Every structure is written in structure tokens, then in C-alpha cells.
Amino acid sequence: MTWKRSHHCSELTTENTGEEVILNGWVATRRDLGGVIFIDLRDRYGITQIVFYETDKNLHKKAEQLRTEYVIGIKGVVEKRGEENINDELTTGGIEVRVTDLEIYSEAETTPFEIKEGIPTNEETRLKYRYLDLRRPDIQENMVVRSDFYQSTRAYFHNNEFLEVETPVLMKSTPEGARDYLVPSRVSPGKFFALPQSPQTYKQLLMVSGFDRYFQIVKCFRDEDLRADRQPEFTQIDVEMSFVDEDDIMEMTEGLMQKLLKDTVDEEVTAPFNRMTYKEAMETYGTDKPDTRFGLEFADFSELVKDSEFNIFSSTVEKGGAVLGITVPGQGDMGRGVIDRLTERVQNETGAAGLIYIKLNEDDGVKCSVEKFLKDETVDAMVDEADADMGDLVLILAGASPDVYKQLGQLRLMMGEEYNLIDEDAYEFLWVTDFPLVEYSKEEHRYHALHHPFTAPHPEDLEELDDNPEEVRSRGYDLVLNGYEIGGGSIRIHDRELQTQMFELLGIDKEEAQKRFGFLLEAFRYGAPPHGGIAFGVDRIVMILTGGTSLRDVIAFPKNQKAQSLMDNSPDYVDKEQLDDLHINLKEYAKEEQQEQE
RNA sequence: GGUCCGGUAGUUCAGCUGGUUAGAACGCCUGCCUGUCACGCAGGAGGUCGCGAGUUCGAAUCUCGUCCGGAUCGCCA
């Protein structure tokens, strides 16, 4: 029989002294001193210490059976602890509950790992026993933040007259972008649904329908390889608005972010957020999602060294590459061994050919690793350009553009982490704007939409659309927080002609466009409002808010790197009858794999 | 698909220049203990050193292959 609790395990204080209470929870730890047994009783709210005394004979005997993770209910009396026994670590540390009755609801085998905060158990074991991992207080706290995050989001949009509309999970496969997860149709042999990579077309259609302001907290799916910050199924806050421009979307976003941070982690952030063009971001930080919690901005030495004797510099610049550097403060006396290891790491992790440096320290003065190839005044000019002072270290990469920018961007992040230049408590938001509309794919010999094919080109660049498509800027924008891309969107094309032109540019001919997106083009015939929107990565934002570095710590049941769920062993083989229903035959090698398993 | 790191007790790891019976901490079990809160003390159980070949008198240790996990590049409109 279950006793209904009167309080949870983080609730009782000295104010409750003398009250008869009922608690339910898990045995977190047991401290058996012989004549007295202390149990830390845990639920998702916290811990309360309960006590059994030898003088309560039968009860004490029963309590001796208790083991870690047993689920119990107790009746008892709240007692104030003696001055010397108060535990300041617990909210309930001023009291304990003297047990008068004990019910063991459920015994527990020894768990494969301890249910404690911050244990370094490997991912595989944690994922296999995910329900136990989720019992750990730090993960539970993450889920609380996540739940607060949902509530805050809904309140914000509801208060601002947005409508929450659900869009289909079974939809049409789109040719552009990430690989789709496919769902075979039983009633239409040979045909497939796709799971949405995002509800992009639906939300645009909702604008055509006149819904004006839409949002949705929605699952999206992308069948691509995983990373620490990338899961195959993830959650977005999807937003679309009519009769707006970039500034409206940004303002709405900034209000949302302010509210979210206030409601979840009680942080104030100032708006408007900084803005930076894509070009500026790439040239200053070597990435389109710069972590602006620290400096180490790039210095460009290309002009200074283009005529130097040092062949690596001069030939790099001649071939259109760049010679770039960052100044690491206070590392001017870095030892040879450290630099050698760093060089190796840079080569391995970024693919840079080599690492050149200038050390500035009191003992050696200004010392450049390639000084015999460079004039003193060139080195001095570089130091000047890099804004380096005595005691600093200038790290230099030379290489083809844009690769060298990305490489130095990675090196910059390494240095920021290595030398603790990052303010871990800061929340640095940044808008990145003016993305290129398209980029050329050498493999496919065609242009790709950098954002997606519905993104509007910048009106000033329209005339370049035919001749110089790569020069055309888009009306897209990304929101970056602490070096993570947490959102992205654009002002859309709402003109049928322009949309058709865009498809042509992307190598999607009329027939193909009709087949894939005919419904959208058709919708645009009947009065489409100017509109734009944005989508935010819920998992990533919650990860940042909880101070984590892996999405798995903020998703209740995440997938591993192979997109498998180790707990329930999915994906898994299915019966032949199921496949027959779906009109599917397996390829030979897939059949062999299946037979090997069985 | 490429690169890198890892796989030894339930967990986290040490051992790896080949050599006695593979260790530590935590956890687990038993006993003692009335003020613990990382309880303490005494004792104990627990190992396919991922798997398979090879080298060797001898392999956790060296070589090759393979499987598994993670990070990362490609990929992710």
C-alpha cells in the first residue's frame, strides 16, 4: 500500500518541528551506526535525513534490511537537530525525521553505477541504464531547467499574440539540405513520407493562410552523422511572422532570450544584441559562430609579408592565401616543448601545415621562430599589427583562403580554453548577418543555398543574381550564443517569380520545382504576405544554460554516435511480415547482417 | 568514409621497457559500533585484461586483424 506523502524531500525545516509527516523516496545512502541508522531519503526535490533507533526494536530490525536505491515510504515525526548536528549543505539540514513506521515499496539490486552527482561513468553504460542516469540529481536539474524553458517560451509567445500550431510529422521528402528520415507507406506501395528537418514549408503556408504570428515547439529530424552538439532528433522553437523585416524578428528574439534567461537561470542580458556580418565574423574569428566571450581577434599580416624573403609567406599571399595571427596574452615565455606539442595538435586537429610564432619575453626580447628568414622590421611590424606587448605570444598560420581562417579559428578556441580566457559565467549573444545566398559545390557542379531555397536575396544585390550569384547576400541571420549557433532564420521569398528564379539558380528545373514545391508556388498565387522567421535549437540553448558541453545531458533519452538507443536497442530488425506490409525487400547485404544477428 | 583517443573487478582507473598469485579507490557482502551526513573499524567476495590470430619458453603488456565507445573532419539547406 502506498502512503501519500505530506511533504517532499526538500521541504521540511525547523518550522515543521513536532509535525507528523509522511515521506516517499529512494534510499540515497545508509549510515548504520549500530544503535542508530541514518538514511538519506532522496526524491527529485532533494534529500531529507531520516533516523531509526535501536529502542524501536521491530522498526530498527526492518531498517537494517534497507539498501541503496530501495524505494520506501515512512511515517515519522520532525525533530530539530542539535546545534552540532546541523548540515548546512541541505535545505532540510536543520531537521531530521524520527521514523515511526516504514514501508518498503520496492527493493533494488546494486546499480551498475552510483546514483551521485558528477560521476564519470562512461557514456555507453549511462545510456544503457538511462533511467538510472536520469535519477542523478544533476541530470534531474537539467530536466527541470528544460521544463522551465518550455513554460517560459509558451508564456512569451502567448503573451505576444502568437498562435501555437502543430504541423505534420509525416511529410513530403525535400531534396535540398540534410538527408531525410523516411517512413514507408503501407497504403501507397513504393511511396514514402519523410520526417521533417524543420516545418519550413508548413510555416510559410500558415503565413499565406493569414496566421500572422506562429510558433511551435517541434521535433525535427536529420539523418546525418552525430556530434556532441548534434543529435538526429532535436527540438526547435519554430517561429514565423508576417509583415516584418529583419529588425522585427531580432527584436522579438531578443525579448524571448531575455525572458528565457530570466526564467531559467535568473540572468539579465541587455538588448539589442551585437551584430556582425558573416564576412566580418570569418575575417576576425574564422567562423560564422564566433565565441565572443573572449578576444584573440585575428591580425592579418598578408600585406606586411607578401614581399618577404620567407617563401612560405610570400608564396601563400601570391596564391591568394593569407598569413594570419592571434596574440595570446601572457604566454610569451612558452617553452619549446609546449610549442612543439601545440604545433602537432594544430596540425592534427585543424589540418594547418605548420605553426609559426613570435615570443615576447624579458629574457629573449622579441623572438620569432622564422626570424632568420624575416627582416627585423618585418617582425616588429607584425608585432605592431598583432597589438602584442611584452610577455605575449603571437601564433601565426599561413595558408590558402578560406581554410586558414577556419584553422586559426580553431586554434583561437583551443587557446581560449587552454589558458582560461573564457568567462564561463557570461552569456554573449551575437547576430551574424549578410550570409552569402549560395555557395558553389565542386562535387555537384551546382549552387547550394547556404540557408535554404526560400531565403530572400538582399534587394541591393538582386541584379547580381544571374551573373555573380556567389556575391549575393541573403536576408538570413543566425543567432550565436557563446560560440554555439542557437538559432537561424531569414526573411523569405514571397514572390512566385523570384522563388522560381531561385530554384533555377539552384539547378532545380521547372518540372522538378513543380514536383517538389508546387504546392508552395501555387499557394503564392493566392496572395502571400511578406514574411520571415527563425528557429531556435532548444537542446543547445538548454545545454548552454545548464553549463554542459553535451546535448545528451539535456535530452531525456538521447542517441549514441551511431544514432542508436542503447537502452531499448533501437533501431532493430523487424519481422518479414512487417516488411511485406510495407512492400519492402532488403538488399542482400542487409539480409546477411540480419541473419548474423540471429 | 578519413583521422585521433580509449576498451583491465559493478564503477573510475593504475599496471603496458614481456616474467611470481593482475592492483588501488569507490561500490557490494559479513561482523562490530547511539550522532552520522564521503560515518568509522575489522574481515570478505568479485577479473574471458573487448574478441581473434601471430611473435615468444612465457603476452594485460609487442605485432596484425576485428568489434565496441568517444572526439573530430567530411556531412549537417
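These numbers were taken from a predicted model, which means no experiment stands behind them. Quick note on labels: first sequence line is chain A, next is B, and so on, each numbered from 1.
- Qualifying side chain to side chain contact (heavy atoms under 4.5 Å, CB included) partners for A:Asp466, counting only residues two or more places apart in sequence or in other chains: A:Gln501.
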Table of protein N/O atoms under 3.5 Å from nucleotides 22-29 of chain B N/O atoms:
{"from": "B:rC26", "atom 1": "O2'", "to": "A:Glu114", "atom 2": "OE2", "distance (Å)": "2.9"}
{"from": "B:rC28", "atom 1": "OP1", "to": "A:Thr68", "atom 2": "OG1", "distance (Å)": "3.1"}
{"from": "B:rC29", "atom 1": "OP1", "to": "A:Arg67", "atom 2": "NE", "distance (Å)": "2.8"}

For the pair A:Asp133 and A:Arg130, evaluate salt bridge (charged side-chain N to carboxylate O under 4.0 Å, His left out) and give the outcome as yes or no after the intermediate values. CA-CA 5 Å; A:Asp133 199 27; A:Arg130 185 60 174 173; 2.8 Å; yes
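- Among pairs with a residue in residues 194-205 of chain A, those fulfilling salt bridge (charged side-chain N to carboxylate O under 4.0 Å, His left out) read A:Lys203-A:Asp238, A:Lys203-A:Glu240, at least two apart in sequence or across chains.
- For B:rG23, the paired nucleotide is B:rC13, the pair qualifying as Watson-Crick or G-U wobble because both relevant distances are below 3.5 Å.
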What N/O pairs connect the protein and nucleotides 4-8 of chain B at under 3.5 Å? Give each pair on its own line.
none

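- Residues passing the salt bridge (Lys or Arg N to Asp or Glu O under 4.0 Å) test with A:Asp340, sequence neighbours excluded: A:Arg336.
- Listed by chain and number, the residues in a side chain to side chain contact (heavy atoms under 4.5 Å, CB included) with A:Asp40 are A:Ala28, A:Thr29, A:Arg31, A:Ile47, A:Gln49 (sequence neighbours excluded).
- Regarding A:Glu117, its CD atom lies at a distance of 14 Å from the C1' atom of B:rA38, rounded to whole Å.
- Every residue meeting the salt bridge (Lys or Arg N to Asp or Glu O under 4.0 Å) condition with A:Arg98, not counting sequence neighbours, appears here in chain and number order: A:Asp56.
- A heavy atom lying under 4.0 Å from RNA chain B marks none of the residues of residues 403-417 of chain A.
- As rounded to the nearest Å, B:rG46 and B:rC29 have P atoms that lie 16 Å from one another.
- Residues satisfying the side chain to side chain contact (heavy atoms under 4.5 Å, CB included) test with A:Glu485, not counting sequence neighbours, are A:Lys289, A:Asp478, A:Arg540.
- For B:rG46, there is no paired base (Watson-Crick or G-U wobble, both distances below 3.5 Å).
- Listed in residue order, the members of residues 53-62 of chain A having a heavy atom less than 4.0 Å from RNA chain B are A:Tyr53, A:Glu54, A:Thr55.
- Comparing the same atom, C1', in B:rG40 and in B:rC4 gives a spacing of 46 Å after rounding to whole Å.
- In this pair, A:Phe38 lays its aromatic ring flat on the base of B:rU36, centres within 5.5 Å and planes under 30 degrees apart.
- When each of A:Gly34 and A:Arg81 is assigned the nucleotide of RNA chain B bearing its nearest heavy atom, the one mapping closer to the 5' terminus is A:Gly34.
- When the side chain to side chain contact (heavy atoms under 4.5 Å, CB included) test is applied to A:Ala178, the partners found at least two apart in sequence or on another chain are A:Gln197, A:Arg222, A:Glu224.
- Residue contacts shown for A:Leu450 are limited to sugar-phosphate atoms, with no base heavy atom under 4.0 Å away.
- Within the structure, salt bridge (charged side-chain N to carboxylate O under 4.0 Å, His left out) pairs that include any residue of residues 551-570 of chain A comprise A:Glu123-A:Arg552, A:Arg126-A:Asp553, A:Glu233-A:Lys559 (at least two apart or interchain).
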